[in-house]
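What follows is a set of notes on a single structure, which appears directly below.
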Amino acid sequence: MKRVYLLSVIFVVLLFSCTDRDDEVNLVNIRIQNSTELFFNEVRVAEKDTVYENIAAGEFSNYMEFETAFANTRITILTNSTSLNYFPTEVVSDSLPIGFYTYEISLDEDNQVDLTFRIDD
């Protein structure tokens, strides 16, 4: 009987200790995806002057929180050999709702920065 009680207590504790990343979301969360062959030493997002550091080629950064953010934003990227900039061609005035998002950074055939905005599940 003690085993059943003990297993029940352990099960209940485990059940309530597990949290989904959406459980405590109060702000906009954005990460960077590096879809280039370059190592990003620093990616600076203009809205909050937020800096993401050390994003390897093909990798993601951690999420960072923003009080307000937009689907299209100005970005500055520093690599070992160069500095790259992205300036949005259209201005978006509506800020993003609370949630998880990704700015995917890639380079086109002319080595110009391309930004793709994605809503994460």
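Only heavy atoms go into these numbers, but all of them, side chains included; no hydrogens, no water, no symmetry mates. Because the structure is a prediction, the values reported are computed rather than measured.
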Just verifying a value: how many Å separate Phe60 CZ and Glu104 CD, rounded to the nearest 0.5 Å?
7.5 Å
I want to check something: taking the side chain as every heavy atom from C-beta on, are Ile77 and Asn85 in contact at a cut-off of under 4.5 Å?
no
Quick check: do Ile105 and Tyr86 have side-chain heavy atoms less than 4.5 Å from each other?
no
Could you label the plane-to-plane angle of the Phe117 and Tyr101 rings as parallel, tilted or perpendicular, counting under 30° as parallel and over 60° as perpendicular?
parallel
Check Thr79 against Asn41 and note the closest heavy-atom contact, atom names and distance.
C-ND2, 3.2 Å
Heavy-atom pair with the smallest gap, counting every atom of Ala69 and Ile30
CB-CD1, 3.5 Å
Search all heavy atoms of Ala71 against all heavy atoms of Leu115 and return the closest pair with its distance.
O-CD2, 4.5 Å
Look up atom OG1 in Thr116 and atom OH in Tyr103, then write down how far apart they are to the nearest 0.5 Å.
12.0 Å
Check the hydrophobic clustering (I, L, V, M, F, W, Y; side-chain heavy atoms under 4.5 Å; chains of links allowed) and say if Ile119 and Phe66 are grouped together.
yes
Above 12 or not: heavy atoms from other molecules or residues under 6.0 Å from CG of Asn62?
no
Any side-chain donor near an acceptor of the partner, Arg31 and Ser61, under 3.5 Å
no
Using modelled atom types and a 3.5 Å cut-off, is there a donor and acceptor pairing between side-chain atoms of Asp108 and backbone atoms of Asp110?
yes
Can you tell me if Asn34 uses its side chain to pair, donor with acceptor, with the backbone of Ile32 under 3.5 Å?
no
To the nearest 0.5 Å, tell me how far Thr50 OG1 sits from Ile75 CD1.
11.0 Å
So, for Ile98 and Leu27, which heavy atoms are closest and what is the spacing to 0.1 Å?
CG2-O, 3.5 Å
Measure the CG-OG1 distance between Leu84 and Thr76 for me, rounded to the nearest 0.5 Å.
9.5 Å
Nearest heavy-atom contact between Thr36 and Ser106 is CG2-CA, 3.7 Å
Are Leu78 and Phe87 connected in a single hydrophobic cluster, I mean Ile/Leu/Val/Met/Phe/Trp/Tyr linked by side-chain heavy atoms less than 4.5 Å apart?
no
Between Thr102 and Asp120, what is the shortest heavy-atom contact and its length?
OG1-OD2, 2.7 Å
